[in-house]
Amino acid sequence: MIEIKGLVVRYKTVEFKFDDYKFKKNMISIISGRNGTGKTTLLKSLSSLIEYEGNIKVNGEITYNSQEPILFNRSTYENIVYPLRIRNLDLNLYKEKIDKYTRVLSIDHLLNENALKLSSGEKMKVSIIRSIIFNPDIVLLDEPTTHLDLESIVELTTLIKELKNELTFIIVSHNSSFVEELKDEEYRLGGNHVYS
Ligand SMILES: Nc1ncnc2c1ncn2[C@@H]1O[C@H](COP(=O)(O)OP(=O)(O)OP(=O)(O)O)[C@@H](O)[C@H]1O
Ligand SMILES: [Mg+2]
């Protein structure tokens with residue numbers, strides 16, 4: 001669960017005021033709004049990546065998957081297990097999950113490839129798996145379908161639906177069929193930002 005109250009983010013020339021809202025547990029919440037309405041800004045403030053005023057109450061461990069994922073100069077496998085390594089978790093216990101997620105998203109053949117050589121869509125898939133592999137409570141996905149082909153979007157939809165009982169998803173997406181397939185709740189942005 002995440003609750004926002006009186007949340008305001010100020011940049012040099014623009015200020016965003018977000019309506020109070022409660023993102024519920026084990027729900028898929030979609031954040032919608034036109035370009036520049038502050039969707040990424042909201043996700044970054046929820047995951048404490050930027051400064052904000054007001055209150056954000058987060059129940060559980062949160063993970064943010066960027067619109068432009070950054071991968072390390074290591075294999076796909078090493079990128080995926082990074083969150084496990086830094087938590088000193090036993091990688092063997094996650095083998096099945098890694099196999100399953102990489103198979104569902106059709107990147108299982110790329111586990112030994114250098115992640116920097118992957119295509120944009122493949123990189124996004126690696127990044128998504130990396131952000132869910134360690135069982136976080138809340139997963140923020142910023143435009144996860146941007147570089148994905150139609151089949152991959154269906155695969156990602158299947159994976160998210162399967163994980164819905166264990167994880168809470170907050171997703172920014174402009175892809176209407178993806179949104180319709182997944183949406184439990186919608187938080188719409190627009191109108192509450194002022195340029196000076
Ligand atoms: N660090 C920053 N400094 C100054 N202005 C910023 C900063 N980050 C974002 N902005 C401005 O705030 C506005 C909202 O940006 P944001 O990335 O949150 O929009 P968005 O809704 O995610 O858009 P898109 O749909 O294009 O991804 C933009 O106009 C951008 O120029
Ligand atoms: Mg954005």
Side-chain angles (χ1 to χ4, degrees), residues 1-24 27-58 61-71 79 83 105 115 118-132 136-150 152-157 159-160 163 167-196:
M1 187 274 290
I2 299 190
E3 193 175 359
I4 59 176
K5 251 189 196 162
L7 177 63
V8 178
V9 176
R10 282 179 234 281
Y11 296 127
K12 259 194 192 126
T13 57
V14 62
E15 176 185 292
F16 292 92
K17 284 195 169 91
F18 297 98
D19 291 341
D20 293 353
Y21 196 74
K22 219 183 233 179
F23 295 95
K24 297 193 199 85
M27 285 273 182
I28 301 176
S29 303
I30 302 292
I31 298 176
S32 59
R34 300 199 57 189
N35 297 133
T37 48
K39 301 179 301 297
T40 297
T41 299
L42 176 59
L43 292 192
K44 283 185 177 168
S45 46
L46 295 181
S47 45
S48 288
L49 289 171
I50 54 171
E51 275 186 277
Y52 60 84
E53 288 164 32
N55 266 306
I56 301 178
K57 209 160 61 183
V58 179
E61 198 169 16
I62 193 166
T63 165
Y64 167 69
N65 189 72
S66 165
Q67 201 165 355
E68 286 139 22
I70 296 168
L71 301 180
N79 272 273
L105 295 185
L118 303 181
S119 73
S120 307
E122 290 164 347
K123 280 183 182 149
M124 180 53 94
K125 294 176 186 184
V126 173
S127 167
I128 291 171
I129 296 174
R130 181 175 61 181
S131 62
I132 58 175
D137 301 290
I138 304 154
V139 181
L140 312 180
L141 300 177
D142 201 348
E143 304 276 8
T145 66
T146 307
H147 299 289
L148 303 192
D149 59 51
L150 287 176
S152 299
I153 293 174
V154 172
E155 291 165 356
L156 178 64
T157 309
L159 182 63
I160 292 174
L163 292 170
L167 306 177
T168 300
F169 285 96
I170 301 177
I171 304 173
V172 171
S173 176
H174 291 293
N175 183 312
S176 47
S177 55
F178 178 71
V179 165
E180 282 317 310
E181 198 56 44
L182 291 174
K183 178 172 84 177
D184 291 318
E185 308 235 343
E186 182 168 349
Y187 180 75
R188 224 186 138 64
L189 300 187
N192 275 348
H193 55 293
V194 184
Y195 287 88
S196 56

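Remember, it's 1-based here, ligands and their atoms both numbered in the order they're listed. Because the structure is predicted, anything quoted here is derived from the model rather than measured.
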In the protein, which heavy atom is nearest to [atom], and how far is it?
atom                    : value
atom 13 (C) of ligand 1 : F16 CZ, 3.4 Å
atom 28 (C) of ligand 1 : G36 CA, 4.3 Å
atom 21 (O) of ligand 1 : K39 NZ, 2.7 Å
atom 6 (C) of ligand 1  : Y11 CD1, 3.3 Å
atom 26 (O) of ligand 1 : N35 ND2, 3.2 Å

Could you pull out the closest heavy-atom pair between V172 and L43, with the gap in Å?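 Where V172 meets L43 most closely, the heavy atoms are CG2-CD1, 3.7 Å.
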Heavy-atom closest pair, residues L71 and A115: CD1-CB, 3.8 Å
Going by atom types only, do S177 and N175 share a side-chain donor-acceptor pair under 3.5 Å?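 Yes, a side-chain donor-acceptor pair sits under 3.5 Å.
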Side-chain donor-acceptor contact under 3.5 Å, Y11 with T41: yes
Side chains of [X] and [Y]: closer than 4.5 Å at any heavy-atom pair?
X    : Y    : result
K125 : E155 : yes
L42  : L7   : yes
Y64  : L46  : no

Confirm or rule out an N/O/S atom of T40, from backbone or side chain, lying less than 2.8 Å from the Mg ion (ligand 2). yes
Does the shortest distance from the Mg ion (ligand 2) to an N/O/S atom of Q67 fall below 2.8 Å?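 Checking the Mg ion (ligand 2) against Q67, an N, O or S atom does fall under 2.8 Å.
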Which of the numbered atoms in ligand 1 are below 4.0 angstrom from a heavy atom of [X]?
X    : answer
T41  : 15 (O), 16 (P), 18 (O)
Q67  : 27 (O)
H174 : 25 (O)

Taking K39 for the side chain and G33 for the main chain, is one N or O donor matched with an acceptor at less than 3.5 Å?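 Indeed, once roles are kept as given, a pair shorter than 3.5 Å links the two residues.
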Please tell me if atom 30 (C) of ligand 1 is touched by the protein, where touching means a protein heavy-atom distance below 4.0 Å. no
Ligand 1 N/O within reach of V14 N/O, cut-off under 3.5 Å: no
If the contact criterion is a heavy-atom separation under 4.0 Å, does G38 count as touching ligand 1? yes
For the residue pair F16 and F18, categorise the inter-ring angle as parallel (less than 30°), tilted (30 to 60°) or perpendicular (more than 60°).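 F16 and F18: parallel rings.
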Which is closest to atom 22 (O) of ligand 1 by heavy-atom distance: T146, L43, T40?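 Of the listed residues, T40 has the closest heavy atom.
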